[in-house]
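What's counted below: heavy atoms across the whole structure, side chains too, no hydrogens, waters or symmetry copies.
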Amino acid sequence: MKQMVFGVLSGSIVILFVVMLLTMQHKNVRKEELEQSLTEAMETTLQMVQADADRDYTSEDMRTLLIRNLVPQMNSDSELTVRMIAADAEKGLLSVEVEEHFSYPGGKMGSIKCCRTILTDDDGNGEETKKGEKEVAMQTVIFYRSREEMEQGKSYYKKLEIQKGDYCTSPAEPVCDDLKKKFLEWRDSKDYLADFTQCVEENQTYYAVFE
């Protein structure tokens with residue numbers, strides 16, 4: 001009887017530990033996705049605003065444009081709250097706080113926050129975040145739903161901007177048009193299995209493999 005009770009308790013502890021690990025991993029993936037997606041959306045927003053110099057963009061206009069650029073990059077099961085801290089189209093300044101609300105695999109609700117400030121230089125290039133210091137080079141990592149879409153240059157699944165030398169985390173698994181197939185793995189443009197333990201040193205392209 002004691003052995004049975006011990007076995008049940010041990011099993012429960014293992015299950016709890018696994019759930020905790022999955023929860024932490026899920027949150028970390030969400031956090032990195034939000035940070036990368038927000039940075040890209042902010043850069044795109046500032047480029048669009050500065051390209052349309054004849055229009056006088058208000059803070060609310062820039063917020064609307066930012067949301068329009070950000071939402072397509074995020075998971076559909078999340079809700080975003082966007083708060084503008086500062087916005088100046090003429091100076092190329094954009095400071096934003098975004099909170100993402102989502103559900104963990106087990107149904108429990110969670111949330112993460114991300115704050116970003118971008119200030120473009122006089123030529124409209126690059127960004128500054130700390131006392132005028134330029135950020136280091138960024139590399140683009142693009143994920144496609146299939147090799148065919150990658151070869152044809154169709155709409156990508158996810159596009160991330162990774163600081164050179166940093167690591168890229170696998171995004172949320174895509175869903176195949178054929179619902180009978182399940183996601184298997186990511187492969188690069190040379191058909192090698194994606195290795196996300198390696199630093200990003202150059203632009204990368206990956207496509208999803210289903211089985």
Side-chain angles (χ1 to χ4, degrees), residues 26-104 108-145 153-164 166 168-175 200 203:
H26 186 79
K27 185 171 185 177
N28 288 336
V29 170
R30 289 275 191 173
K31 183 178 171 89
E32 184 166 343
E33 180 188 48
L34 177 59
E35 291 175 346
Q36 294 167 344
S37 298
L38 178 58
T39 298
E40 181 183 351
M42 291 174 69
E43 291 175 345
T44 301
T45 299
L46 282 175
Q47 290 172 2
M48 295 174 68
V49 168
Q50 292 176 333
D52 189 9
D54 294 334
R55 178 176 174 180
D56 184 16
Y57 281 88
T58 65
S59 177
E60 186 59 30
D61 290 334
M62 294 178 70
R63 178 179 181 274
T64 300
L65 193 56
L66 173 66
I67 294 174
R68 189 182 305 165
N69 291 324
L70 177 62
V71 170
Q73 302 181 53
M74 306 302 298
N75 286 305
S76 58
D77 61 343
S78 62
E79 295 182 3
L80 301 177
T81 301
V82 179
R83 184 172 72 89
M84 300 295 286
I85 299 174
D88 191 318
E90 184 177 349
K91 295 180 179 179
L93 171 64
L94 192 56
S95 184
V96 182
E97 178 185 81
V98 176
E99 183 171 9
E100 179 183 6
H101 302 272
F102 58 90
S103 298
Y104 288 107
K108 182 180 178 181
M109 296 301 297
S111 65
I112 50 176
K113 281 186 179 182
C114 179
C115 293
R116 281 285 185 275
T117 298
I118 293 181
L119 177 62
T120 57
D121 58 25
D122 293 338
D123 296 324
N125 300 315
E127 59 184 56
E128 302 177 355
T129 55
K130 293 182 179 180
K131 296 181 180 179
E133 295 180 358
K134 295 284 183 177
E135 283 198 349
V136 298
M138 304 295 288
Q139 304 298 329
T140 301
V141 181
I142 302 178
F143 294 86
Y144 291 89
R145 289 186 174 85
K154 292 184 177 181
S155 295
Y156 53 78
Y157 172 63
K158 295 290 179 182
K159 182 178 179 182
L160 309 176
E161 294 294 326
I162 307 293
Q163 183 172 307
K164 187 174 183 178
D166 279 359
C168 176
T169 301
S170 174
E173 297 177 359
V175 177
V200 177
N203 295 337

Restricting to side-chain hydrogen bond (donor to acceptor under 3.5 Å, both in side chains), what partner residues turn up for [X], sequence neighbours left out?
X	value
Thr140	Glu161
Glu32	Gln36, Thr169
Glu97	Arg83
Asp61	Thr58

Just do the side-chain contact (heavy atoms from CB on, under 4.5 Å) check on Val98 and Lys113 with the steps written out, would you? CA-CA 6 Å; Val98 176; Lys113 281 186 179 182; over 6 Å; no
Residues forming a ring-ring contact (aromatic ring centres under 6.0 Å, His included) with Phe143, sequence neighbours excluded: Trp186, Tyr206
Considering only heavy atoms from C-beta outward, does the side chain of [X] approach that of [Y] to under 4.5 Å?
X	Y	answer
Leu93	Thr117	yes
Glu99	Ile112	no
Tyr144	Tyr156	yes

OG-CD1 distance between Ser95 and Ile118, expressed to the nearest 0.5 angstrom: 9.5 Å
Using the test salt bridge (charged side-chain N to carboxylate O under 4.0 Å, His left out), find all partners of Glu40 that sit at least two apart in sequence or belong to another chain. none
For Asp88, all residues meeting salt bridge (charged side-chain N to carboxylate O under 4.0 Å, His left out), sequence neighbours excluded: none
Give me the atom names and distance for the closest heavy-atom approach of Arg145 to Pro174. CG-CB, 4.3 Å
Over all atoms of both residues, closest heavy-atom pair of Pro171 and Lys158: CB-CG, 4.0 Å
Please tabulate, one pair per line, all N/O donor-acceptor pairs under 3.5 Å involving side-chain atoms of residues 63-72, not counting sequence neighbours.
from, atom 1, to, atom 2, distance (Å)
Arg63, NE, Val82, O, 3.1
Arg63, NH2, Val82, O, 3.3
Thr64, OG1, Glu60, O, 3.0
Asn69, ND2, Thr45, OG1, 2.9
Asn69, ND2, Leu65, O, 3.2

Residues which pass side-chain contact (heavy atoms from CB on, under 4.5 Å) with [X], listed by chain and number, not counting sequence neighbours:
X	result
Arg116	Glu35, Leu38, Thr39, Met42, Cys114
Glu173	Phe183
Ala89	Val49, Tyr57, Met62

Ignoring hydrogens and geometry, is there a side-chain-to-backbone donor-acceptor pair from Glu100 to Ser111 under 3.5 Å? no
